[in-house]
Amino acid sequence: MQRKSMSCSPMILSLSLTCFSITAWGADVTQFRGSNGDGIVHEENVPSTFSETEKLMWKIDLPGKGWSSPVVADGKIWLTTAVEVVPDEDEREKLLLASGDQPKQFSQKQIAKNLELKVIQIDSESGQVEKVKDLFTIDRPDSIHKTNSYASPTPFIDGDFLYCHFGTYGTVCLNRHDLSTVWQRTIPVVHSVGPGSSPFICKDLIVLICDGINRQFVIALDKKSGETAWEVDRPKMDASDGEQKKSYNTPVFVTDSQGREQLICMSSQWIVSYVPETGEEIWRVRHGKGFSVVPRPVVQNDIIFISTGFMKAELWAIKIDGSGDVTDSHVVWKESRNIPTKPSPIVVNENIFVVNDTGIATCFDSETGETIWRERIGGNFSASPVLVDQKLFLASQEGVVTILDSKNDFNVIAENQLSGQIMASPIVFEDSLVIRTDSSLYRFRENEKSPASGRVSRVDRP
């Protein structure tokens, strides 16, 4: 175990800039990993200890299943879900065979007879479900991985509009005030294990990463009409099997120290920077044979930090100020021990934090890649961590939310057990914590009385 003393000063703002306007910084959560897309939240007084009764504002049951995170604006919460008609075992095997799966893959797959893909609107103060809107009905969907859902991409709020994306099953722009449909598109791609990439609004475009097993590309749509603005294929990959070409990443936008705006889209084997308006390539780096890349990159001071995905996950630090193929010139450092394939990293000042899929948390020096500390906290992880008021919130699949102090050496502040499985990344707004489990949505606030003390949690099913 390597350690050195560690002290985090207040956060230095990274060069990562959002492409959209935010009405109130810290009050809204507009996309995957918060309104800046990096997991860092500018709030205080968020509870570090909570439970099924302690500091609970409300808890509601949710229909269907989805691993998308909630998004929030103007006192409303939206999230997506998939309501499935589940086959019996005989039907399941027949559907899996019809979907192209081999019997040896059956234990790793799930499939539905049909789906109803929905968006749910919730009043953030009361927890009351206000609206449930059916978006797409899918007969005979493809199989997905047993740990995935048909509603894993997180929606995106941009001004008056809400964008919901379900991969190959459809993309829709809604007026968020009445949930009326503005436009919808279907962009076919064979995901193999289900959808995962969240949509991203950049200027006047909605950008979708579509890295399937049949084709790998990035597409940008006019956010007002849904019409294609540009589309670009990924760099050539040397894997013979499409399974090693698929990926599930979410774009990031940065302005580098040269003033260049970049839309950076991670893929299997490559990470590529594009001109946002046109899709023209700025630079690329080959990161090896990694595939099924899930962790969203983070940027600080002209350095982007990536996890290379399945095969042999590594954490890379790459300079973003280059042009062309900069594989041999712009990689600053690499680390291969205990790197996540699903949770995203968090970078704060001179430190970068990760928790891997099997519950090993590590802090690295962001400039050198040197290990500061590494400790096992236990559990299995898919959700990405959140940093709130110098504290790291790590939510495991077993429903345990571990709070670490990021200012000092490794220190567990609290461990909080909820009753469900957590795969969706938590969000924070208005000094409160919102957590989605496999069956419920919770909101916790520091000064909230427990239901046993007179506050009754709501359990509403639309």
Side-chain angles (χ1 to χ4, degrees), residues 19 30-34 37-39 66-69 71 79-80 82 117 136 141-142 144-145 147-156 158 163-173 185-202 205-221 223 226 228 230-234 237 242-253 263-274 276 279 290-298 306-310 340-344 382-384 423-425:
C19 294
T30 57
Q31 60 168 309
F32 175 54
R33 303 207 74 203
D38 58 7
W67 302 139
S68 59
S69 294
V71 290
L79 50 77
T80 56
L117 301 173
F136 300 100
D142 297 330
I144 62 176
H145 196 272
T147 60
N148 199 7
S149 79
Y150 288 101
S152 289
T154 295
F156 200 113
D158 180 60
Y163 297 84
C164 299
H165 179 60
F166 300 91
T168 192
Y169 303 114
T171 306
V172 61
C173 171
R185 283 279 305 266
T186 299
I187 301 169
V189 60
V190 181
H191 297 296
S192 174
V193 293
S197 302
S198 295
F200 183 67
I201 298 294
C202 190
L205 303 174
I206 174 172
V207 182
L208 306 173
I209 291 180
C210 303
D211 289 334
I213 63 172
N214 58 328
R215 185 186 168 206
Q216 301 80 42
F217 63 100
V218 179
I219 187 168
L221 312 179
K223 70 180 184 181
T228 301
W230 55 261
E231 182 177 320
V232 60
D233 287 333
R234 297 302 218 159
M237 300 179 192
E243 293 287 345
Q244 278 73 54
K245 298 179 181 180
K246 66 182 187 294
S247 195
Y248 305 97
N249 215 248
T250 299
V252 296
F253 172 83
L263 179 70
I264 303 178
C265 299
M266 183 74 172
S267 74
S268 296
Q269 301 188 19
W270 295 93
I271 181 171
V272 185
S273 171
Y274 303 99
F291 64 95
S292 291
V293 184
V294 175
R296 190 177 192 181
V298 289
I306 67 170
S307 177
T308 60
F310 287 81
T341 61
K342 288 180 280 188
S344 306
S382 292
S384 293
M423 301 279 280
S425 299

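Hydrogens, waters and symmetry mates are skipped; everything else that's a heavy atom, side chains included, is used.
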Exercise for review: With rounding to the nearest 0.5 Å, note down the distance linking CG in Asp158 to CG in Leu205.
Suggested key: 11.0 Å

Check your understanding: Can any side-chain N or O of Ser382 pair as donor or acceptor with the backbone N or O of Met423 at less than 3.5 Å?
Key -> no

Point to revise | Any side-chain donor near an acceptor of the partner, Ser192 and Glu243, under 3.5 Å | key: yes

Check your understanding: Does the side-chain contact (heavy atoms from CB on, under 4.5 Å) test come out yes or no for Arg234 and Val218, once each step is laid out?
Key -> CA-CA 7 Å; Arg234 297 302 218 159; Val218 179; 3.7 Å; yes

Practice item. State, yes or no, whether a side-chain contact exists between Ser292 and Tyr248 at a heavy-atom distance under 4.5 Å. Key: yes

Practice item. Determine the minimum heavy-atom distance between Ser198 and Pro251, stating which atoms define it. Key: O-CD, 4.0 Å

Exercise for review: Give the intermediate values and the outcome of side-chain contact (heavy atoms from CB on, under 4.5 Å) for residues Thr30 and Val71.
Suggested key: CA-CA 5 Å; Thr30 57; Val71 290; 5.9 Å; no

Check your understanding: Can you find a pair of side-chain heavy atoms, one from Val232 and one from Val272, that are under 4.5 Å apart?
Key -> no

**Study point:** Under 3.5 Å: donor-acceptor pair, side chain of His191, backbone of Ile144
**Key:** no

Exercise for review: Kindly compute the distance separating CG (Asp211) from CG (Asn249), expressed to the nearest 0.5 Å.
Suggested key: 8.5 Å

Study note, to complete from the structure: Looking only at heavy atoms, the pair that brings Pro340 and Pro295 closest together is O-CG, 4.0 Å

**Study point:** Tyr163 side chain reached by Leu221 side chain, heavy atoms, under 4.5 Å
**Key:** no

Exercise for review: Could you give me the CA-CA distance, side-chain angles and deciding distance for Tyr169 and Asp142, then say whether side-chain contact (heavy atoms from CB on, under 4.5 Å) is met?
Suggested key: CA-CA 10 Å; Tyr169 303 114; Asp142 297 330; 3.5 Å; yes

Exercise for review: For the pair Ser384 (side chain) and Ser344 (backbone), establish whether a donor and an acceptor sit closer than 3.5 Å, ignoring hydrogens and angles.
Suggested key: yes

**Study point:** Closest contact, heavy atoms only, Val294 versus Thr341
**Key:** CB-O, 3.5 Å

Review point. Out of curiosity, Ile264 CD1 to Thr250 OG1, how far, rounded to the nearest 0.5 Å?
Key: 14.0 Å

Review point. Any idea which heavy atoms bring Pro199 and Ile206 closest together, and the distance?
Key: CB-CD1, 3.9 Å

Review point. Is the closest side-chain heavy-atom distance between Phe200 and Phe156 below 4.5 Å?
Key: yes

**Study point:** Rounded distance [0.5 Å steps], NZ in Lys246 versus CD in Gln216
**Key:** 10.5 Å

Revision key, fill the gap. All heavy atoms of Met266 vs all of Ile306, minimum pair found to be CE-CD1, 3.5 Å

Practice item. Scan side-chain atoms only and decide if Arg185 and Thr228 contain a donor-acceptor pair under the 3.5 Å cut-off. Key: yes

Point to revise | Separation between CZ of Arg296 and CG of Asp38, rounded to the nearest 0.5 Å | key: 8.5 Å

Review point. So, the side chain of Ser247 versus the backbone of Val293: is there a donor-acceptor pair under 3.5 Å, distance only?
Key: yes

Point to revise | Backbone of Pro276 reached by a side-chain donor or acceptor of Trp230 within 3.5 Å | key: yes

Check your understanding: Is a donor on one side and an acceptor on the other found under 3.5 Å between the side chain of Thr154 and the backbone of Ser69?
Key -> yes

Exercise for review: Dump the intermediate steps for side-chain contact (heavy atoms from CB on, under 4.5 Å) on Val207 and Phe253, then the final yes or no.
Suggested key: CA-CA 11 Å; Val207 182; Phe253 172 83; over 6 Å; no

Review point. Out of curiosity, Thr171 OG1 to Phe136 CZ, how far, rounded to the nearest 0.5 Å?
Key: 6.5 Å

Exercise for review: Considering non-hydrogen atoms only, spot the tightest contact between Cys210 and Ile219 and give its length.
Suggested key: SG-CG2, 4.0 Å

